[in-house]
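Below is one structure, written out as structure tokens, with a few remarks after it.
Read the numbers this way: they start at 1 and go in the same order the structure lists the ligands and their atoms.
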Amino acid sequence: AVALRAHSVEEMYELLETLGSGHFGVVKRCRERSTGTFYAAKFVKTRRCRGSRRGLERLQVEREVAILRDLQHPNIMQLHDLFTCRAEMVLVLELMRGGELFDFIAEKEMLLEEEAIEFLEQILLGVQYLHGRHIAHFDLKPENIMLQEKDVPKPQIKIIDFGLAQKLEDGVTFKSLCGTPQYIAPEVINYEPLSSATDMWSIGVITYILLSGLSPFQGETDAETLSNVLEGAYEFEERYFSDTSEMAKDFIRQLLVKEPQERMTASECLVHPWIKPL
Ligand SMILES: Cc1ccc2c(c1)c1c3c(c(C)cc1n2CCCN)C(=O)NC3=O
């Protein structure tokens, strides 16, 4: 169980280099003094006095922690320890030495269909587990898919960053305008009720990127990207998709569907002939 510790994180962990920073805060590699095991420590400033922005971050982190504590799946990031003090919260998380899937694709330009399927199957198993517990991630993108190790034949992945995740209470329509333009579904832009289907649209975008290195809706500006998403305006550019299988294109077509209810669910994706050939 993850206890709320009164001590400072530095009593229990030796802080090492910064792994990344961004809206989520700062993430540092660290080593647990008692075991010598390496982890990732995510620091989020939550000092209330700096205006509502900090307060909002604290709420997001508290929601993320509540969700993470409840989850136990090989493809979902595990919370190992938690420290809160007035000015900040520190989440100690499994270390994913392989870094982001985003960087992995960038290095390789694009993946073979077999490699893409390896990643997608794990992402879909993690998302199927989340949706089965009525949790939507709402920020699925290659930056939030981390690799345990990267120089291995079949890298293991975990989904991270549940800062925008929500428990989907039946009947409660959740609307929110956040997420990253390239990956957000039409209903997010139209401020319509969001659901687990919103995550499935993002998986369609991620699949398109894994196979081509291209982002299907990206425009010159965010505004252009958002209007491309609303029009559902994407195509399989011949130059990039000439040797992509029809099965793979069908998989993407059945996710990049404007109507949320018409998109495949994670479970349906896992038995789609492209993922689960007979
Ligand atoms: C090797 C490496 C490099 C950058 C990392 C991480 C690991 C990392 C990690 C985590 C998070 C939330 C962010 C992380 N970042 C920041 C970027 C995440 N999109 C995490 O939970 N475990 C990580 O290893």
Side-chain angles (χ1 to χ4, degrees), residues 2 5 9 12-32 35-46 56-84 88-108 119 122-123 125-127 129-130 135-152 155-166 178-184 199 202-203 205-206 209-210 215 218:
V2 176
R5 295 178 186 281
V9 59
M12 320 287 282
Y13 297 86
E14 180 192 359
L15 298 182
L16 303 165
E17 80 276 11
T18 295
L19 294 171
S21 59
H23 81 272
F24 48 82
V26 175
V27 177
K28 288 177 182 285
R29 197 163 68 101
C30 64
R31 191 155 60 84
E32 188 172 39
T35 61
T37 311
F38 291 101
Y39 291 95
K42 174 170 161 179
F43 295 76
V44 183
K45 293 226 171 310
T46 58
L56 181 72
E57 275 160 8
R58 184 179 191 99
L59 266 180
Q60 262 191 342
V61 180
E62 282 168 355
R63 179 188 301 122
E64 179 176 12
V65 168
I67 285 177
L68 280 179
R69 270 179 156 156
D70 197 27
L71 302 177
Q72 180 89 27
H73 187 276
N75 299 116
I76 301 289
M77 176 47 66
Q78 204 78 46
L79 180 66
H80 175 72
D81 215 340
L82 174 69
F83 295 83
T84 73
E88 68 181 3
M89 289 177 82
V90 186
L91 283 68
V92 179
L93 301 146
E94 290 176 73
L95 179 62
M96 303 299 281
R97 284 180 185 75
E100 298 175 0
L101 176 59
F102 183 88
D103 298 319
F104 186 81
I105 310 167
E107 277 164 33
K108 304 195 100 178
F119 283 121
Q122 296 180 71
I123 297 169
L125 287 168
V127 169
Y129 171 80
L130 282 180
I135 291 169
H137 186 280
F138 287 149
D139 198 15
L140 289 176
K141 54 187 178 182
E143 296 89 324
N144 286 339
I145 310 283
M146 304 298 293
L147 279 66
Q148 203 110 44
E149 306 292 340
K150 66 179 176 180
D151 302 322
V152 293
Q156 295 300 306
I157 64 98
K158 287 183 193 289
I159 298 166
I160 66 162
D161 203 342
F162 286 74
L164 299 182
Q166 293 286 333
C178 52
T180 311
Q182 289 178 64
Y183 305 96
I184 63 174
D199 283 338
S202 305
I203 289 178
V205 175
I206 291 170
I209 294 174
L210 286 177
S215 184
Q218 186 157 32

Quick one: ligand 1 N/O to protein N/O pairs below 3.5 Å?
| unit_1 | atom_1 | unit_2 | atom_2 | d |
| --- | --- | --- | --- | --- |
| ligand 1 | 19 (N) | Glu100 | OE2 | 2.8 |
| ligand 1 | 19 (N) | Glu143 | O | 2.8 |
| ligand 1 | 22 (N) | Glu94 | O | 2.7 |
| ligand 1 | 24 (O) | Met96 | N | 2.7 |

With the side chain counted from C-beta on, respond yes when Val44 and Gln60 share a heavy-atom pair under 4.5 Å apart, and no when they do not. no

Can you measure from CD1 (Ile145) to CE (Met77) and round to the nearest 0.5 angstrom? 11.0 Å

Are Tyr129 and Gln72 close enough that some pair of their side-chain heavy atoms sits under 4.5 Å apart? yes

Say whether, by atom type as modelled, one donor and one acceptor occur between the side chain of Gln122 and the main chain of Pro155 under 3.5 angstrom. yes

Kindly write out the residues that satisfy side-chain hydrogen bond (donor to acceptor under 3.5 Å, both in side chains) with Thr18, not counting sequence neighbours, or none if the list is empty. Lys28

Side chains of Tyr13 and Asp81: any donor to acceptor distance under 3.5 Å? yes

